[in-house]
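See below for the structure under consideration.
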Amino acid sequence: MLRHRPRLFLAVALAAALASVGLAGQTERGAGANGAALVAAETAAGAAVRVGDRVDLRRLHRITRPGLYGMSHPPTGSRYGIVNGNLIRYDPRNVRVLSIIRQVDRIVD
(Lines give C-alpha, C1' and ligand atoms only; values in the text may rest on other atoms or scores of the structure.)
Protein backbone atom coordinates (compact mmCIF):
# COMPACT_ATOMS: atom_id res chain seq x y z
CA MET A 1 0.00 0.00 0.00
CA LEU A 2 2.74 2.49 0.91
CA ARG A 3 4.76 1.97 -2.23
CA HIS A 4 1.65 2.70 -4.39
CA ARG A 5 0.95 6.01 -2.62
CA PRO A 6 2.52 8.26 -5.35
CA ARG A 7 0.30 6.60 -7.95
CA LEU A 8 -2.72 7.13 -5.71
CA PHE A 9 -1.93 10.83 -5.31
CA LEU A 10 -1.40 11.15 -9.06
CA ALA A 11 -4.71 9.40 -9.77
CA VAL A 12 -6.57 11.65 -7.31
CA ALA A 13 -4.98 14.80 -8.77
CA LEU A 14 -5.83 13.69 -12.30
CA ALA A 15 -9.43 12.92 -11.32
CA ALA A 16 -9.79 16.34 -9.65
CA ALA A 17 -8.39 18.11 -12.72
CA LEU A 18 -10.73 16.24 -15.06
CA ALA A 19 -13.71 16.92 -12.81
CA SER A 20 -13.02 20.67 -12.79
CA VAL A 21 -12.70 20.70 -16.60
CA GLY A 22 -15.99 18.79 -16.85
CA LEU A 23 -17.76 21.23 -14.56
CA ALA A 24 -16.41 24.17 -16.51
CA GLY A 25 -17.75 22.64 -19.69
CA GLN A 26 -21.17 22.18 -18.14
CA THR A 27 -21.17 25.81 -17.01
CA GLU A 28 -20.34 27.00 -20.52
CA ARG A 29 -23.03 24.81 -22.07
CA GLY A 30 -25.50 25.99 -19.44
CA ALA A 31 -24.75 29.64 -20.25
CA GLY A 32 -27.77 29.67 -22.51
CA ALA A 33 -29.70 30.91 -19.50
CA ASN A 34 -30.23 34.62 -19.92
CA GLY A 35 -28.53 35.72 -16.69
CA ALA A 36 -25.41 33.59 -17.09
CA ALA A 37 -24.95 34.64 -20.71
CA LEU A 38 -25.33 38.29 -19.78
CA VAL A 39 -22.71 38.08 -17.02
CA ALA A 40 -20.30 36.23 -19.31
CA ALA A 41 -20.73 38.84 -22.06
CA GLU A 42 -20.25 41.74 -19.66
CA THR A 43 -17.17 40.21 -18.10
CA ALA A 44 -15.57 39.61 -21.48
CA ALA A 45 -16.44 43.05 -22.85
CA GLY A 46 -15.80 45.29 -19.85
CA ALA A 47 -12.81 46.41 -17.91
CA ALA A 48 -12.31 45.71 -14.23
CA VAL A 49 -14.44 47.85 -11.97
CA ARG A 50 -12.79 49.58 -9.00
CA VAL A 51 -14.03 51.33 -5.90
CA GLY A 52 -14.67 54.99 -6.71
CA ASP A 53 -15.35 54.41 -10.41
CA ARG A 54 -18.50 55.83 -11.97
CA VAL A 55 -20.56 53.09 -13.55
CA ASP A 56 -22.16 53.44 -16.95
CA LEU A 57 -25.88 52.87 -16.40
CA ARG A 58 -26.03 50.72 -19.56
CA ARG A 59 -23.59 48.24 -17.93
CA LEU A 60 -25.28 48.26 -14.51
CA HIS A 61 -27.85 45.62 -13.57
CA ARG A 62 -29.72 46.97 -10.58
CA ILE A 63 -30.52 44.28 -8.02
CA THR A 64 -34.13 44.37 -6.92
CA ARG A 65 -34.10 41.23 -4.75
CA PRO A 66 -30.85 41.15 -2.74
CA GLY A 67 -31.93 38.03 -0.85
CA LEU A 68 -31.38 35.97 -4.00
CA TYR A 69 -27.68 36.87 -3.71
CA GLY A 70 -27.48 36.16 0.01
CA MET A 71 -27.59 39.85 0.89
CA SER A 72 -29.86 41.84 3.18
CA HIS A 73 -31.22 45.24 2.20
CA PRO A 74 -28.42 47.70 1.38
CA PRO A 75 -27.38 50.38 3.85
CA THR A 76 -29.21 53.70 3.59
CA GLY A 77 -27.99 55.71 0.63
CA SER A 78 -26.67 52.78 -1.38
CA ARG A 79 -27.92 50.07 -3.70
CA TYR A 80 -26.63 46.73 -4.96
CA GLY A 81 -25.89 46.03 -8.60
CA ILE A 82 -23.90 43.84 -10.95
CA VAL A 83 -21.24 45.26 -13.26
CA ASN A 84 -18.90 43.08 -15.34
CA GLY A 85 -19.79 40.00 -13.31
CA ASN A 86 -19.11 41.71 -9.97
CA LEU A 87 -21.68 42.23 -7.24
CA ILE A 88 -21.16 45.82 -6.10
CA ARG A 89 -22.63 48.36 -3.72
CA TYR A 90 -23.04 51.76 -5.33
CA ASP A 91 -24.33 55.25 -4.55
CA PRO A 92 -27.49 55.79 -6.63
CA ARG A 93 -27.06 59.59 -6.65
CA ASN A 94 -23.78 59.63 -8.58
CA VAL A 95 -23.50 55.93 -9.56
CA ARG A 96 -20.06 55.54 -7.95
CA VAL A 97 -18.88 52.15 -6.74
CA LEU A 98 -18.72 52.08 -2.94
CA SER A 99 -17.55 48.48 -2.58
CA ILE A 100 -17.00 45.34 -4.60
CA ILE A 101 -18.56 42.43 -2.77
CA ARG A 102 -17.80 39.37 -4.93
CA GLN A 103 -18.04 37.85 -8.38
CA VAL A 104 -21.32 36.34 -9.49
CA ASP A 105 -21.88 33.59 -12.03
CA ARG A 106 -25.26 34.77 -13.26
CA ILE A 107 -28.01 37.29 -12.74
CA VAL A 108 -30.89 35.74 -10.83
CA ASP A 109 -33.34 38.62 -10.36
Side-chain angles (χ1 to χ4, degrees):
M1 175 76 177
L2 292 178
R3 62 176 201 238
H4 297 295
R5 189 171 279 175
R7 286 186 203 162
L8 177 64
F9 286 130
L10 180 61
V12 169
L14 182 61
L18 290 174
S20 65
V21 169
L23 289 175
Q26 286 179 351
T27 302
E28 289 172 9
R29 284 190 300 274
N34 193 20
L38 183 59
V39 169
E42 286 180 349
T43 303
V49 67
R50 296 181 307 219
V51 173
D53 286 353
R54 285 195 68 172
V55 175
D56 182 3
L57 290 175
R58 293 173 292 182
R59 291 178 26 211
L60 175 68
H61 171 78
R62 295 181 180 124
I63 292 180
T64 56
R65 298 172 58 193
L68 295 175
Y69 297 90
M71 308 292 292
S72 63
H73 291 286
T76 303
S78 66
R79 301 281 185 265
Y80 295 126
I82 297 175
V83 176
N84 295 343
N86 291 304
L87 177 61
I88 63 164
R89 187 172 58 92
Y90 68 96
D91 185 338
R93 294 171 297 186
N94 57 18
V95 200
R96 289 203 185 271
V97 176
L98 301 173
S99 59
I100 300 170
I101 300 167
R102 68 173 179 269
Q103 280 191 305
V104 292
D105 295 329
R106 61 189 175 106
I107 295 173
V108 293
D109 69 336

With a 4.5 Å cut-off on side-chain heavy-atom distances among I, L, V, M, F, W and Y, is there a chain of contacts connecting Val83 to Leu98?
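In one cluster with Val83: Leu98, no.
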Are Val95 and Ile100 grouped together when hydrophobic residues (ILVMFWY) are joined by side-chain heavy atoms under 4.5 angstrom apart?
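Yes; Ile100 is reachable from Val95 via cluster members.
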With [X] via side chain to side chain donor-acceptor pair (under 3.5 Å) - residues at least two apart:
{"X": "Arg65", "result": "none"}
{"X": "Thr64", "result": "Asp109"}
{"X": "Asp56", "result": "Arg58"}

Under the side chain to side chain contact (heavy atoms under 4.5 Å, CB included) criterion, do Ile88 and Val55 qualify, and how do the steps go?
CA-CA 10 Å; Ile88 63 164; Val55 175; 4.2 Å; yes
What salt bridge (charged side-chain N to carboxylate O under 4.0 Å, His left out) pairs are there with at least one residue in residues 71-98, not counting sequence neighbours?
Asp91-Arg93
Testing the basics here: between [X] and [Y], what is the closest heavy-atom pair and its distance to 0.1 Å?
{"X": "Val51", "Y": "Ser99", "result": "CG2-CA, 4.0 Å"}
{"X": "Tyr90", "Y": "Gly81", "result": "CE2-N, 3.8 Å"}
{"X": "Tyr80", "Y": "Ser72", "result": "CE1-O, 3.1 Å"}
{"X": "Pro92", "Y": "Ser78", "result": "CD-CA, 3.8 Å"}

With a 4.5 Å cut-off on side-chain heavy atoms, are Ile101 and Tyr69 touching?
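Tyr69 vs Ile101: side chains apart.
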Would Leu68 and Ile63 count as a side chain to side chain contact (heavy atoms under 4.5 Å, CB included) if you check the C-alpha gap in whole Å, the side-chain angles of each, and the deciding distance to 0.1 Å?
CA-CA 9 Å; Leu68 295 175; Ile63 292 180; over 6 Å; no
Out of the candidates Arg102, Gln103, Arg50, only one should pair with Asn86 under the side-chain contact (heavy atoms from CB on, under 4.5 Å) rule; please name it.
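Only one option passes, and that is Gln103.
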Test side chain to side chain contact (heavy atoms under 4.5 Å, CB included) applied to Arg62 and Leu57, step by step
CA-CA 9 Å; Arg62 295 181 180 124; Leu57 290 175; 3.2 Å; yes
